[in-house]
Student: 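Provided herewith is a single structure, encoded as structure tokens, for subsequent inquiry.
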Amino acid sequence: MLKFKNTDENKSCEINSDSAELHEVIKSLGLDGKKVIAAKFNGELSDLSRKVNTGGEVSAVTADSPEGLEIIRHSTAHLMAQAVLRLYPGSHFGVGPAIKDGFYYDIDASGAITEDDLPKIEAEMRKISGAGEKVTREDMAKSDALKFFADDPYKTELITEIDAPTVSVYKQGEYADLCRGPHVPDASKLHNFKLLSVAGAYWRGDEHNKMLTRIYGTAFASPDELKTYIKRLEEAKLRDHRKLGKDLDLFSLHEEGPGFPFFHPKGMAIMNTLIDFWRREHVKRGYTEIKTPQILDRELWIRSGHWDHYRENMYFTEIDEKPYAIKPMNCPGSILVYKTQLRSYRDLPMRLAELGCVHRHERSGVLHGLMRVRCFTQDDAHTYIEQSQIKDEVMRIMELDRYVYNDVFGFNYTVELSTRPNDSMGTDEQWNEAESALRDALESTNTPYTINPGDGAFYGPKIDFHLEDCLGRTWQCGTIQLDFQMPGRFGVTYIGEDGAEHTPVMLHRVVFGSIERFMGILIEHYAGAFPYWLAPVQVKIIPISDNHADYAAELHKLFMSWGVRSEVDYRGEKLGRKIRDSQLQKVPYMIVIGDKEKDSRSVGVRERSKGDLGSMSIDAFKELLGKEFNPIK
RNA sequence: GCCGGUGUGGCUCAGAGGUAGAGCAGCGCACUCGUAAUGCGCAGGUCAACAGUUCGAAUCUGUUCACCGGCUCCA
């Protein structure tokens with residue numbers, strides 16, 4: 001006699017046997033239903049077919065729960081693998097996990113698979129699902145599993161590394177996979193899936209290994225959710241900053257300079273506005289600004305450690321037969337500025353900001369619009385402080401980040417603490433001290449964070465800020481890096497209260513990160529409809545006919561005198577056409593002027609999302625603009 | 001860098017061995033117009049580059065470059 005209960009539903013049952021399968025238990029508990037795809041036994045996710053011989057807590061896992069969805073996706077990956085095996089016999093399979101928004105499977109396919117083949121594979125999957133192919137689990141001793149997968153190098157490698165005497169194998173028809181599970185009981189539970197793309201992926205994510213074919217797909221509990229997701233992908237495509245950058249005439253990229261973006265007047269209007277904002281905030285917060293050269297003696301980079309740890313990413317040149325390097329970072333330049341005078345503890349913290357344009361050699365395949373480029377502007381600052389000031393200074397920077405990301409741009413963001421990488425300088429003691437200083441700042445501000453082991457800079461650990469964009473993708477923007485190395489290497493000092501020479505600690509930090517990337521993120525975040533304060537054209541004046549051109553010109557001059565970026569559409573087009581074009585350019589305000597406005601010296605105001613606001617006096621319009629959110633007003 | 005795909009006027013795309021086409025944008029003319037596309041006309045391309053096959057290549061082959069989807073790497 002076995003006793004089972006479900007606490008959440010306050011149900012219990014008894015089964016008069018010394019063992020039971022979980023699906024029977026779920027039925028006895030009255031928890032069964034169409035959406036049940038797996039079970040939980042004493043908190044452990046399990047197959048419905050799992051046989052238990054003790055009583056316990058049992059609950060049903062449905063397709064629409066987060067755990068259920070993961071199982072659906074994982075099982076769909078298996079379903080896809082079975083279909084691929086049918087169409088490409090002799091294929092071997094790497095790993096095929098569920099991921100955020102879907103799943104993938106890495107396949108060493110017996111023939112080339114391209115995107116054109118996906119419908120064929122999908123059709124095969126539907127065939128298998130329609131036939132209700134059973135999925136069964138079998139536990140095997142490791143040695144048996146090794147025999148079973150003897151002709152599969154990938155599974156063999158995985159099994160060898162599993163630290164347990166037995167492994168589980170899931171079989172469905174001719175396909176079998178090494179897998180922890182759990183899975184759906186049969187393929188008929190899998191309907192709402194779609195294969196999305198094909199890509200190459202290194203076996204185990206290591207570029208020294210063979211490249212496998214990765215097929216990405218997604219699956220959901222309901223057709224509606226799948227449809228919504230596909231729609232979201234389409235929406236994301238419309239927001240792509242590369243497309244909007246072209247449509248809105250913000251920037252361009254050319255074969256003549258891969259990874260080196262060209263900014264057009266409208267793109268520069270946005271960038272300069274961002275920079276205006278940035279300068280104001282930094283002046284308020286006690287920063288001063290410097291500018292250091294693009295090209296510096298190679299010796300400097302050898303001394304800084306970049307030659308040893310960053311050479312692969314640097315560009316080099318020669319001047320008068322002497323070797324030079326194009327700067328990939330701004331820190332050595334900042335240090336040279338610091339060292340031009342003897343500094344006192346009274347000067348600290350010394351906050352030297354720099355909008356530094358850096359060049360980094362990125363591998364050709366990684367370039368991506370403005371998000372990943374070979375030349376970008378860092379909104380950098382190097383802060384020189386005493387050891388005792390670390391926590392305070394880090395907290396000040398975190399507050400600036402919060403203000404910028406959250407209050408001004410409305411981004412959600414997450415924080416990571418990145419620790420010592422393999423290729424790095426300094427002693428363990430220095431690193432431990434630096435890492436705990438950063439941790440201390442995070443903890444005393446109650447900032448939730450995760451640890452990203454081994455991802456620090458070569459000279460110190462860092463706190464990274466990841467912004468979440470409209471697609472839920474995250475982008476690293478801000479970073480705060482603590483550096484105990486460079487000041488020592490360069491003999492950076494200050495005279496302490498005790499009259500003796502000390503070495504300051506250095507903080508490297510950026511807020512936007514790369515202004516180019518930040519713009520890319522903003523373009524997608526706002527779908528090109530920039531808020532009034534950032535919009536490249538804030539007001540478009542639309543005269544209805546030539547008779548109103550003079551008044552339009554007069555208004556244009558007036559608006560510019562207010563500091564408003566304004567343009568006039570003098571084309572001989574009809575009103576509807578001019579409005580349409582301004583709407584497509586996502587201009588925040590359109591000013592329509594005809595006889596009525598000209599005679600009464602008023603303006604007809606149209607707002608891009610609210611539509612026609614009617615006629616109003618020029619003063620009223622000025623007041624309206626004054627109410628717009630504007631952090632640099 | 002690696003795997004796969006793509007490259008045709010400013011933009012979006014059609015054409016697949018016989019010498020290049022549409023829509024939009026541009027320019028000209030007419031219309032002088034009230035809140036998301038006025039009409040007519042004109043002009044615009046060594047079909048990414050280089051080499052090869054062929055009587056003939058935008059089309060087939062090779063190489064290179066760039067871009068796109070990923071992997072690795074990263075702000």
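In this text, all values refer to a predicted model and were calculated from it rather than measured experimentally.
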Student: Taking only the side-chain heavy atoms of A:Arg214 (C-beta and beyond), determine which of B:C71, B:C74, B:C67 contains the nearest atom.
Tutor: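 Nearest nucleotide to the side chain: B:C71.
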Student: Given B:C11, B:C3, B:A66, which nucleotide is nearest the side-chain atoms of A:Met211?
Tutor: B:C3
Student: Return the nucleotide paired to B:G52: Watson-Crick means purine N1 to pyrimidine N3 with N6-O4 or O6-N4, wobble means G-U with N1-O2 and O6-N3, both under 3.5 Å.
Tutor: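 Looking at the geometry, B:G52 pairs with B:C60.
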Student: Mind calculating the distance between NE2 (A:His466) and P (B:A75) to the nearest angstrom?
Tutor: 9 Å
Student: Rounded to whole angstroms, how far apart are CD1 on A:Ile544 and P on B:U38?
Tutor: 14 Å
Student: Between A:Glu207 (CD) and B:C3 (C1'), how many Å, whole number?
Tutor: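 After rounding, the gap between these two atoms is 13 Å.
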Student: Is a donor-acceptor contact shorter than 3.5 angstrom present between the side chain of A:Arg580 and the base of B:U35?
Tutor: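 Counting by modelled atom types and ignoring angles, no donor-acceptor contact under 3.5 Å is found here.
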Student: Is any N or O donor-acceptor pair between the side chain of A:Glu362 and the base of B:A75 shorter than 3.5 Å?
Tutor: yes
Student: Would you say the base of B:U32 and the side-chain of A:Asn547 have a donor-acceptor pair closer than 3.5 Å?
Tutor: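 Check fails, no donor-acceptor contact within cut-off.
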Student: Identify each atom pair where a protein N or O and an N or O of nucleotides 25-27 of chain B are less than 3.5 Å apart, giving names and distance.
Tutor:
residue, atom, partner, partner atom, Å
B:A25, OP1, A:Arg577, NH1, 3.4
B:A25, OP1, A:Arg577, NH2, 2.2

Student: Between B:A75, B:U32, B:G7, which nucleotide gets closest to the side-chain atoms of A:Glu255?
Tutor: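 Within the option list, the nearest is B:G7.
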Student: Among the candidates B:U35, B:A36, B:G69, find the nucleotide nearest to the side-chain atoms of A:Ala199.
Tutor: B:G69
Student: With rounding to whole Å, what would you report as the distance between B:A37 and B:C60 at their C1' atoms?
Tutor: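 Looking at atom C1' only, B:A37 and B:C60 are 43 Å apart.
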Student: Quick one: does A:Tyr202 reach the base of B:G70 with a side-chain donor-acceptor pair under 3.5 Å?
Tutor: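 Flag unset: no donor-acceptor pair detected.
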Student: Ignoring hydrogens and angles, tell me if any N or O in the side chain of A:Lys266 forms a donor-acceptor pair with the backbone of A:Gly245 under 3.5 Å.
Tutor: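 Checked: no pair found.
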Student: Taking the side chain of A:Leu575 as heavy atoms from C-beta outward, which of B:A75, B:G70, B:C33 is closest to it?
Tutor: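 Output: B:C33.
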Student: For A:Tyr216 and B:C71, is the shortest distance between a side-chain N/O and OP1 or OP2 below 4.0 Å?
Tutor: yes
Student: What integer distance in Å separates A:His361:NE2 from B:G1:P?
Tutor: 7 Å
Student: Do A:Arg242 and B:C67 share a donor-acceptor pair, side chain to base, under 3.5 Å?
Tutor: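 There is none.
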Student: In whole angstrom, give the distance that lies between atom CG of A:Leu233 and atom C1' of B:G69.
Tutor: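 Roughly 12 Å, once rounded to whole Å.
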Student: Closer to the 5' end of RNA chain B via nearest nucleotide, is it A:Gln476 or A:Gly594?
Tutor: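 Taking each residue's closest nucleotide, the earlier one in sequence belongs to A:Gly594.
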Student: Looking at the base of B:G34, is there any donor atom on it, or on the side chain of A:Glu597, that sits under 3.5 Å from an acceptor on the other one?
Tutor: yes
Student: Begin with the C-alpha distance, continue with both residues' side-chain angles, and end with the deciding distance and a verdict on ring-ring contact (aromatic ring centres under 6.0 Å, His included) for A:Phe409 and A:Phe518.
Tutor: CA-CA 11 Å; A:Phe409 294 105; A:Phe518 199 76; 5.2 Å; yes
